[in-house]
Amino acid sequence: STVHLHQPISVEHREGIIEAFDSQKIVNYLKKVGVQETDAIEISKKVQLRISKLDAPVSTRMIKAVIIRQLENTNPAAAEKLKSRRLWRF
């Protein structure tokens, strides 16, 4: 059997800055576009699980795409809001 070690997820911003993944930033951002906190936490967990399988560092662009994909299932209106935003600041 394969053992999966949980390594910290690193995130690369467009400017080239690399930092540790912070799920709370996603929760806070989703709340700003009208997502209920319980839904935001659930989406953040799903995003974290999905991106943990990708090679680090994960670009913020990839994270945003995963957030939108998850959000389309639970809150299509908020997903559309996020798609139309040009600047994302977590």
Side-chain angles (χ1 to χ4, degrees):
S1 66
T2 306
V3 177
H4 292 283
L5 300 175
H6 284 290
Q7 295 184 25
I9 301 167
S10 56
V11 176
E12 184 172 5
H13 293 270
R14 194 169 22 151
E15 305 84 18
I17 299 165
I18 296 176
E19 65 180 20
F21 176 79
D22 181 357
S23 61
Q24 190 59 47
K25 286 184 178 183
I26 293 176
V27 172
N28 294 343
Y29 194 80
L30 289 172
K31 285 167 47 179
K32 285 182 191 173
V33 293
V35 178
Q36 295 297 315
E37 184 161 14
T38 51
D39 291 339
I41 291 168
E42 196 57 39
I43 288 167
S44 179
K45 286 178 186 174
K46 288 178 180 176
V47 169
Q48 186 169 5
L49 181 65
R50 172 77 181 91
I51 68 171
S52 69
K53 298 173 184 173
L54 302 175
D55 290 335
V58 180
S59 70
T60 51
R61 209 168 122 218
M62 174 61 75
I63 294 170
K64 292 165 192 170
V66 174
I67 291 170
I68 288 171
R69 207 170 304 126
Q70 292 296 331
L71 199 52
E72 284 173 335
N73 299 327
T74 57
N75 191 331
E80 285 303 316
K81 268 189 196 175
L82 290 185
K83 281 184 194 175
S84 66
R85 285 193 168 206
R86 288 189 50 81
L87 285 177
W88 288 57
R89 286 281 169 234
F90 289 133

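Only heavy atoms go into these numbers, but all of them, side chains included; no hydrogens, no water, no symmetry mates.
With a 4.5 Å cut-off between side-chain heavy atoms of Ile, Leu, Val, Met, Phe, Trp and Tyr, the cluster of V27 takes in I41.
Side-chain contact between L82 and K64 is absent, with no heavy-atom pair separated by less than 4.5 Å. Looking only at side-chain heavy atoms (C-beta outward), N75 and V33 stay at 4.5 Å or farther from each other.
L54 meets the side-chain contact (heavy atoms from CB on, under 4.5 Å) test with R50, I51, V58, M62; sequence neighbours excluded. By the side-chain hydrogen bond (donor to acceptor under 3.5 Å, both in side chains) test, N28 pairs with Q24, sequence neighbours left out.
Heavy-atom minimum distance, A78 versus V35: CB-CG2, 3.8 Å.
How far OG of S10 is from CD1 of I17: 13.5 Å, rounded to the nearest 0.5 Å. The line from CD1 of I26 to CD1 of I67 is 4.0 Å long, rounded to the nearest 0.5 Å. To the nearest 0.5 Å, the span separating CD1 on I9 from CD1 on I63 amounts to 8.0 Å.
Among residue pairs with one or both ends in residues 34-46, none qualify as side chain to side chain donor-acceptor pair (under 3.5 Å); sequence neighbours excluded.
Between R69 and E72 there is no salt bridge, since no side-chain nitrogen of the basic residue lies less than 4.0 Å from a carboxylate oxygen of the acidic one.
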